[in-house]
Amino acid sequence: MQHTTSVIRIENLCKTYPAALVPALDGLSLDVGQAEIFGLLGPNGAGKTTTINVLCGLLVADAGSATVLEMDTNIQKDSIRKRIGVVPQNIALYPNLSGQENIAFIGRLYGIDAIALKKKAAILLEQFGLTPHTHKRVNRYSGGMKRRLNIIASLLHDPEILILDEPTAGVDVQSRALILNFLKQYRALGKTIVYTSHLLEEAEQICDRIAIVDEGKVILQGVPKQLIQNTPDCRRLEDVFLHYTGRSLRD
Ligand SMILES: Nc1ncnc2c1ncn2[C@@H]1O[C@H](COP(=O)(O)OP(=O)(O)O)[C@@H](O)[C@H]1O
Ligand SMILES: [Mg+2]
């Protein structure tokens, strides 16, 4: 899909963590168009989470630039945060609070008024199949339920851009199907979705465009179908991925 407006632009981002021997980001560039599902794909340690942390203002890069909705991630962090939702790789919920209490707490952090929050929460809990579990403590939730609640927590303020770090890692088949279906519905509302995964089949299925990241760089970016067509002897995105990232293990 050819996009007209870029809502995220990343140019030549570099980041080396203190004491690290190799850079986590080594001149990474990409752009994400409005209302697309964009997949950030790459092996372990490729730099996906680091990229997301720069986008949401948690980390300052050593060089390069990143803008979200034309705002600089170094300067306009607070304004960016109001308009994006971020689902971190590790579940960020209060285990001793119920689903409802978690939502109430996070909603207050966003300054959402109580009545609007209640309405929004009810819709999202229903959409994510959590209505029967609203009053259960989160430490009694399954992995898939926690992941779904974590996604709800990122949606309470109705963000224009949703960024998810490995949202389908370690969840059961039903949760995964529900999450992917939700992402498509959210896109249909004109929202933009950036998500990381190392599941190529899944990305091929739902992404409008992808970037393959390896060793802190984007080595390939485009529409999955076209990338498959343009790479010799490739029939699936997985073949393209191995063609460009090689077969050596990344432990
Ligand atoms: N806080 C940190 N301190 C030092 N090195 C880190 C830190 N976070 C990530 N790294 C390193 O940076 C590289 C990129 O990591 P990351 O962005 O988490 O990759 P991915 O999300 O693609 O698996 C890896 O080599 C990782 O070990
Ligand atoms: Mg990661």
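Both ligands and their constituent atoms are indexed starting at 1 by order of listing. Keep in mind that this is a model prediction, so the values were computed, not measured.
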Using a 3.5 Å distance criterion without hydrogens, assess whether the side chain of [X] forms a donor-acceptor pair with backbone atoms of [Y].
| X | Y | answer |
| --- | --- | --- |
| Thr134 | Thr131 | yes |
| His243 | Glu238 | no |
| Asn102 | Tyr94 | yes |
| Ser98 | Glu101 | yes |
| Thr231 | Cys234 | no |

- Message: Give the atom numbers and elements of ligand 1 that come within less than 4.0 Å of a heavy atom of Asn44.
- Response: 23 (O)
- Message: Please list, in number order, the atoms of ligand 1 under 4.0 Å from a heavy atom of Ala46.
- Response: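 Taking each heavy atom of Ala46 in turn, ligand 1 has 19 (O), 20 (P), 22 (O) under 4.0 Å.
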[X] N/O to ligand 1 N/O under 3.5 Å:
| X | answer |
| --- | --- |
| Lys48 | yes |
| Ala20 | no |
| Gly45 | yes |
| Thr50 | yes |

- Please determine, by modelled atom types, if Asn53 and Thr50 share a side-chain donor-acceptor pair under 3.5 angstrom.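 Result is no, nothing qualifies.
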- Message: Strictly under 2.8 Å, is the Mg ion (ligand 2) approached by any N, O or S atom of Asn44?
- Response: no
- Output yes if Thr49 passes the N/O/S-under-2.8 Å test against the Mg ion (ligand 2); output no otherwise.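 Within the cut-off used here (under 2.8 Å), Thr49 does place an N, O or S atom near the Mg ion (ligand 2).
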Taking [atom] as the reference point, the nearest protein heavy atom with its distance:
| atom | value |
| --- | --- |
| atom 2 (C) of ligand 1 | Tyr17 CD2, 3.5 Å |
| atom 12 (O) of ligand 1 | Ala24 CB, 3.3 Å |
| atom 18 (O) of ligand 1 | Thr49 CB, 3.7 Å |

- Message: If you compare all heavy atoms of Leu125 against all heavy atoms of Gln100, which two are closest, and at what distance to 0.1 Å?
- Response: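 Minimum heavy-atom separation between Leu125 and Gln100: CD1-OE1, 4.3 Å.
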- Task: Using the six-membered ring of Tyr186, assess whether NZ or CZ of Lys184 lies under 6.0 Å from its centre and within 45 degrees of the ring axis.
- Result: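 That pair does not qualify as a cation-pi contact.
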- Salt bridge check: are Asp72 and Lys77 linked by an N-O gap of less than 4.0 Å?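 No.
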- Can you check whether a protein heavy atom sits less than 4.0 angstrom from atom 26 (C) of ligand 1?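 Within 4.0 Å of atom 26 (C) of ligand 1, no protein heavy atoms are found.
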- Task: Could you tell me whether ligand 1 has any atom less than 4.0 Å away from a heavy atom of Gly47?
- Result: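 Yes, Gly47 has heavy atoms under 4.0 Å from ligand 1.
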